[in-house]
S.K.: 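One structure is given below, represented as structure tokens, and several questions about it will come after.
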Amino acid sequence: RAAYIGGAAATSNVLAGKLFGIPVKGTHAHSWVMSYDAELESFSAYAEALPNNCVFLVDTYNSLQGVRHAIDVGQRLREQGHEMVGIRLDSGDLAYLSIEARRLLDAAGFPDAQIVASNDLDEHVIHSLKQQGARISVWGVGTRLVTGGEQAALGGVYKLAAIRDAGGHWRHKLKLSEQTIKISNPGMQQVRRFRQPNGLLVADMILDELTPEATPPTIVDPADPLRRRRLDDRLESELLLQPIFRRGELVYDPPRIDHIRQHRGEQMKLLHPTIRRLNRPHGYPVGLERNFHKLKTKLIMEARRQREE
């Protein structure tokens, strides 16, 4: 679900397709080819079973010979009124093999046949393959997407941020730590997103709904309080967080997954290209609202004094 929202076009996970309505796409496995005495025989059987959805995995034995076998079966499919969808490469030099596979497919009269690539792809490998002129039309990203790679887990923990006393008044709560990053933010938090008149995103500001916002708006880097960014108070802005439950009642109508995906794509386009680039991207400004930062600093100092008494 998260991958589809993030931009993936389809999934090979049939259960995900059933639960979330994500388009399901895929190819046969190496075991399908290996269960037959010959690769050509396995492709023929696959085409007979799924004549309108044939993407042949060609690298079980010899990738380019596998492409030739796919072409043979594709020609037979065409004679029967069907069309081969494409081939899949799952190992070897993907740049070289895709270029050669494209040449073979085009020469045989299959210019529309897609070339699918897999094999531990990530953004860096894909970027490199594109620079090498790889003729790949579909990227099958799996292991390095679903396992998270170097960022396999998000270190997030719920902390009490505010509590309402018997008189109905909210009181801020804060957790101290020797590590700055682990000091929690107090209050009823909200995020305000600023944008230019042309829609380009400028910055995100974390604020406390219990604390009046300063004018002009200024964000403070929580990791370095000396780094501050003053924003033009004429900028357009919107609040991002919406309540899901109020007093135990559901008050939110969740959008469909395709609407979430579309919104994500639209928001990404509003980021400056230097922020979206793969290597050494420019940082997108996110920080605490100035008065919120003052309140947090005050509460930290009070808590530390109490701890020392």
Side-chain angles (χ1 to χ4, degrees), residues 1-8 11 13-22 145-146 148 151-177 179-195 201 203-215 217 219-220 222 236-268 270 284 286-304 306-307:
R1 182 177 183 275
Y4 183 67
I5 290 173
T11 178
N13 189 303
V14 178
L15 182 59
K18 177 182 178 181
L19 294 177
F20 304 120
I22 301 172
L145 173 66
V146 299
Q151 300 177 1
L154 173 66
V157 182
Y158 282 106
K159 297 295 180 185
L160 181 67
I163 191 169
R164 190 157 52 185
D165 59 27
H169 302 291
W170 287 99
R171 292 187 292 129
H172 293 86
K173 292 293 179 178
L174 173 143
K175 176 197 174 297
L176 282 182
S177 174
Q179 298 174 263
T180 301
I181 196 172
K182 288 193 172 183
I183 299 178
S184 63
N185 289 327
M188 299 177 63
Q189 293 156 50
Q190 177 60 271
V191 179
R192 184 180 296 282
R193 174 162 292 170
F194 294 86
R195 64 180 72 238
L201 302 185
D204 286 359
M205 182 174 72
I206 304 171
L207 56 94
D208 170 30
E209 293 184 338
L210 303 175
T211 303
E213 299 177 46
T215 302
I219 59 174
V220 182
E236 300 175 2
S237 70
E238 61 177 324
L239 297 176
L240 300 185
L241 303 185
Q242 300 182 43
I244 307 298
F245 287 91
R246 291 283 195 191
R247 300 182 182 275
E249 296 293 330
L250 180 65
V251 295
Y252 180 74
D253 184 18
R256 298 203 319 262
I257 188 172
D258 54 327
H259 290 170
I260 300 174
R261 185 172 188 268
Q262 179 181 356
H263 178 72
R264 187 276 317 163
E266 293 169 349
Q267 290 292 297
M268 287 291 291
L270 296 178
Y284 178 75
V286 178
L288 301 183
E289 190 271 331
R290 185 176 61 184
N291 284 348
F292 184 28
H293 178 263
K294 287 182 181 179
L295 171 68
K296 180 178 179 179
T297 302
K298 175 176 175 289
L299 294 174
I300 291 173
M301 299 304 295
E302 291 176 352
R304 285 178 174 168
Q306 293 176 3
R307 186 178 62 180

S.K.: Going by salt bridge (charged side-chain N to carboxylate O under 4.0 Å, His left out), name the pairs with one or both residues in residues 181-192, residues two or more places apart or in two chains.
M.R.: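 Salt bridge (charged side-chain N to carboxylate O under 4.0 Å, His left out) check on residues 181-192 returns Arg192-Glu213.
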S.K.: If you take all heavy atoms of Pro186 and Lys173, which pair is closest and at what distance?
M.R.: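 Nearest heavy atoms, Pro186 then Lys173: CB-O, 3.3 Å.
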S.K.: I'd like to check the side-chain hydrogen bond (donor to acceptor under 3.5 Å, both in side chains) partners of Glu249; sequence neighbours left out, ordered by chain and number.
M.R.: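 Glu249 satisfies side-chain hydrogen bond (donor to acceptor under 3.5 Å, both in side chains) with no other residue.
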S.K.: Using the side chain to side chain contact (heavy atoms under 4.5 Å, CB included) criterion, which residues pair with Leu145? Sequence neighbours excluded.
M.R.: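 Partners of Leu145 under the side chain to side chain contact (heavy atoms under 4.5 Å, CB included) test: Ala3, Val141.
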S.K.: Output all residues satisfying salt bridge (charged side-chain N to carboxylate O under 4.0 Å, His left out) with Arg1, sequence neighbours left out; order by chain, then residue number.
M.R.: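 Once residues adjacent in sequence are excluded, Arg1 has no partner under the salt bridge (charged side-chain N to carboxylate O under 4.0 Å, His left out) criterion.
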S.K.: According to side-chain hydrogen bond (donor to acceptor under 3.5 Å, both in side chains), who are the partners of Thr11, at least two apart in sequence or on a separate chain?
M.R.: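 For Thr11 there are no side-chain hydrogen bond (donor to acceptor under 3.5 Å, both in side chains) partners, ignoring immediate neighbours.
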S.K.: Please enumerate all residues that pass side chain to side chain contact (heavy atoms under 4.5 Å, CB included) together with Pro255, with sequence neighbours excluded.
M.R.: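 For Pro255 the side chain to side chain contact (heavy atoms under 4.5 Å, CB included) partners, ignoring immediate neighbours, are Tyr252, His259, Ile260.
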S.K.: For Leu19, does the CG atom have more than 12 heavy-atom neighbours from other residues, nucleotides or ligands under 6.0 Å away?
M.R.: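 Atom CG in Leu19 is packed in, count exceeds 12.
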S.K.: Check residues 156-170 and write down every donor-acceptor pair under 3.5 Å in which the side-chain atom is one partner and the other belongs to a residue at least two apart or another chain.
M.R.:
{"unit_1": "Asp165", "atom_1": "OD1", "unit_2": "Gly167", "atom_2": "N", "d": "3.0"}
{"unit_1": "Asp165", "atom_1": "OD1", "unit_2": "Gly168", "atom_2": "N", "d": "3.1"}
{"unit_1": "Asp165", "atom_1": "OD1", "unit_2": "His169", "atom_2": "N", "d": "2.9"}

S.K.: Under the rule for side chain to side chain contact (heavy atoms under 4.5 Å, CB included), what residues qualify as partners of Arg290, not counting sequence neighbours?
M.R.: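 Arg290 satisfies side chain to side chain contact (heavy atoms under 4.5 Å, CB included) with Ala214, Thr218, Arg228, Lys294 once adjacent residues are dropped.
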S.K.: Should Met205 and Phe292 be marked as a side-chain contact (heavy atoms from CB on, under 4.5 Å) after you check the CA-CA gap, both sets of side-chain angles, and the distance that decides it?
M.R.: CA-CA 10 Å; Met205 182 174 72; Phe292 184 28; over 6 Å; no
S.K.: Can you list the residues that meet the side chain to side chain contact (heavy atoms under 4.5 Å, CB included) rule with Arg246, with sequence neighbours excluded?
M.R.: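 Once residues adjacent in sequence are excluded, the partners of Arg246 under the side chain to side chain contact (heavy atoms under 4.5 Å, CB included) criterion are Pro243, Val251.
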S.K.: Run the side-chain hydrogen bond (donor to acceptor under 3.5 Å, both in side chains) test against Gln179 and tell me which residues pass, sequence neighbours left out.
M.R.: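 Partners of Gln179 under the side-chain hydrogen bond (donor to acceptor under 3.5 Å, both in side chains) test: none.
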S.K.: With Asp208 as reference, evaluate His172, His293, Gln189 under the side chain to side chain donor-acceptor pair (under 3.5 Å) test and give the passing residue.
M.R.: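 Of His172, His293, Gln189, side chain to side chain donor-acceptor pair (under 3.5 Å) with Asp208 is met by His172 alone.
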S.K.: With side-chain contact (heavy atoms from CB on, under 4.5 Å) as the criterion, how do Leu288 and Ile219 come out once you've worked through the C-alpha distance, each side chain's angles and the decisive distance to 0.1 Å?
M.R.: CA-CA 5 Å; Leu288 301 183; Ile219 59 174; over 6 Å; no
S.K.: In chain order, what residues pass the salt bridge (charged side-chain N to carboxylate O under 4.0 Å, His left out) check against Glu302, with sequence neighbours excluded?
M.R.: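 Lys298.
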S.K.: Who passes side-chain hydrogen bond (donor to acceptor under 3.5 Å, both in side chains) against Asp204, sequence neighbours left out?
M.R.: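 Listed in chain order: Arg193, Tyr284.
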S.K.: Please lay out, stage by stage, how Met188 and Gln190 fare under the test side-chain contact (heavy atoms from CB on, under 4.5 Å).
M.R.: CA-CA 7 Å; Met188 299 177 63; Gln190 177 60 271; over 6 Å; no
